[in-house]
Participant: 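I have a structure I would like to understand better, so I am pasting it below and will then ask my questions one at a time.
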Amino acid sequence: MHASSTLAIPEHAAVPRHLAIIMDGNGRWATQRFLPRTAGHVRGVQTVRRVVEVCGRRGVRYLTLFAFSSENWRRPQEEVSLLMRLFVQTLEKEVDKLNAQGVCLHVVGDLTAFEPRLQELIRAAEARTAANDALHLTICANYGGRWDILQATRRMLQARPELANDPQAINETALAPYLSMAYAPEPDLFIRTGGEQRISNFLIWQLAYTELYFTDRYWPDFNARDIDAAFEWYRTRERRFGRTSEQLASSA
Ligand code: IPE
Ligand code: IPE
Ligand code: MG
């Protein structure tokens, strides 16, 4: 298990070990060009490819991308269907390349809502890349931060029913192994493209001490220079985790 930022002080490195991104702005990118919103999603897939490559080169170990939220089902049905098709096509097309790049793929979220064929593709892609360790790429699909905390609580109580009679024993350490990203350290850096400054029910538990970076750039336009600018900003942050600047200076 990785240390929790509220129970221990995480290590700090110049490059974020775990980068979590809300890929936003596909629709507006397309609308600005008088294209259907879906054209923005298609272009967005190219950005995913680019970002995976750049992060691999920069030494990021965990990259987590928010692809479809538990609230995105509220979108027009044609847009939801296109997103699902894109997901299937991308998995089919990209897994070989990801595998060759040493990427270990994880898909987290409530996958039971997806078509059986998509669920199968996801499981196969995960199994295929399971032994890789260069970069852990997590796609959050039908994911919601609240769902995650609730599913973790349910699974914890199923595995350890005695906890129901001993609420004092329910603490972070008991719950953490059941969160859907228990295999990863908490994100060091969060990026949201597209100009909005909100979390939109992303990793609400795990972002407790993450540095938050917002950029107006739409996701289809997001590139290596934008990543480097975010990393540069990240390097200037003083990550205090509750302590004072003076304490940090004296422990350095
Ligand atoms: C993000 O882009 C992609 C998904 C949510 C699937 P949007 O589709 O939210 O783009 P905007 O925010 O409407 O521009
Ligand atoms: C968040 O983007 C979800 C994903 C990027 C998958 P949205 O575009 O759905 O977020 P809101 O609705 O504007 O907050
Ligand atoms: Mg959006």
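Remember, it's 1-based here, ligands and their atoms both numbered in the order they're listed. Position 1 is the first residue of the sequence; numbering continues from there.
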Participant: With heavy atoms of I22 as the reference, note each atom of ligand 2 found under 4.0 Å away.
Facilitator: 1 (C), 5 (C)

Participant: Does this structure show an ion pair linking R225 with E232, if we count only N-O contacts that are shorter than 4.0 Å?
Facilitator: no

Participant: Quick check on E11: does its CD atom have over 12 non-hydrogen neighbours (other residues, nucleotides or ligands) under 6.0 Å away?
Facilitator: no

Participant: With respect to W29, determine whether any N or O atom, backbone or side chain, lies less than 3.5 Å from an N or O atom of ligand 1.
Facilitator: no

Participant: Looking at E162, I'd like to know if its CD atom is crowded, meaning that more than 12 non-hydrogen atoms belonging to other residues, nucleotides or ligands lie closer than 6.0 Å.
Facilitator: yes

Participant: Less than 4.0 Å from atom 13 (O) of ligand 2, is there any heavy atom belonging to the protein?
Facilitator: yes

Participant: Quick check on contacts: which atoms of ligand 1 are under 4.0 angstrom from a heavy atom of R28?
Facilitator: 11 (P), 12 (O), 14 (O)

Participant: Once the angle between the rings of Y62 and H136 is folded into 0 to 90°, is it parallel (under 30°), tilted (30 to 60°) or perpendicular (over 60°)?
Facilitator: parallel

Participant: Between F68 and F87, is the ring centre distance below 6.0 Å?
Facilitator: no

Participant: Ignoring hydrogens and angles, state whether a donor on the side chain of E79 or H41 is under 3.5 Å from an acceptor on the partner side chain.
Facilitator: yes

Participant: Pull out every atom of ligand 2 sitting under 4.0 Å from any heavy atom of F68, numbered as shown with elements.
Facilitator: 6 (C)

Participant: Return the residue, atom name and 0.1 Å-rounded distance of the protein heavy atom closest to atom 2 (O) of ligand 2.
Facilitator: R192 NH2, 3.7 Å

Participant: Describe, in one word, how the ring planes of W147 and Y143 are oriented to each other, choosing from parallel (under 30°), tilted (30 to 60°) and perpendicular (over 60°).
Facilitator: perpendicular

Participant: Judging by distance only, is a nitrogen or oxygen of R198 under 3.5 angstrom from one on ligand 2?
Facilitator: yes

Participant: Mind checking whether R75 has an N or O less than 3.5 Å away from an N or O of ligand 2?
Facilitator: yes

Participant: Taking the Mg ion (ligand 3) as the reference point, name the nearest N/O/S atom of D24.
Facilitator: OD1

Participant: Among all protein heavy atoms, pick out the one at the shortest distance from atom 9 (O) of ligand 2; state its residue, atom name and that distance to 0.1 Å.
Facilitator: N72 ND2, 2.9 Å

Participant: At the 4.0 Å heavy-atom cut-off, does G194 count as touching ligand 1?
Facilitator: no

Participant: CG/L189 to CZ/R17 distance, rounded to the nearest 0.5 angstrom?
Facilitator: 14.0 Å

Participant: Return the closest protein heavy atom for atom 6 (C) of ligand 1 as residue, atom name and distance.
Facilitator: A67 O, 3.3 Å

Participant: Tell me, which protein residue and heavy-atom name are nearest atom 7 (P) of ligand 1, and how many Å apart are they?
Facilitator: D24 OD1, 3.5 Å

Participant: Could you tell me whether some N/O pair between G27 and ligand 1 is separated by less than 3.5 angstrom?
Facilitator: yes

Participant: Does CD belonging to E115 count more than 12 external heavy atoms closer than 6.0 Å?
Facilitator: no

Participant: Would you mind checking which non-hydrogen protein atom is closest to atom 1 (C) of ligand 1, with the distance to 0.1 Å?
Facilitator: M23 O, 2.9 Å

Participant: Rounded to the nearest 0.5 Å, what separation is found between the CZ atom of R192 and the CD1 atom of I199?
Facilitator: 8.0 Å

Participant: For H41, counting its heavy atoms only, list the atoms of ligand 1 lying under 4.0 Å from any of them.
Facilitator: 3 (C), 8 (O)

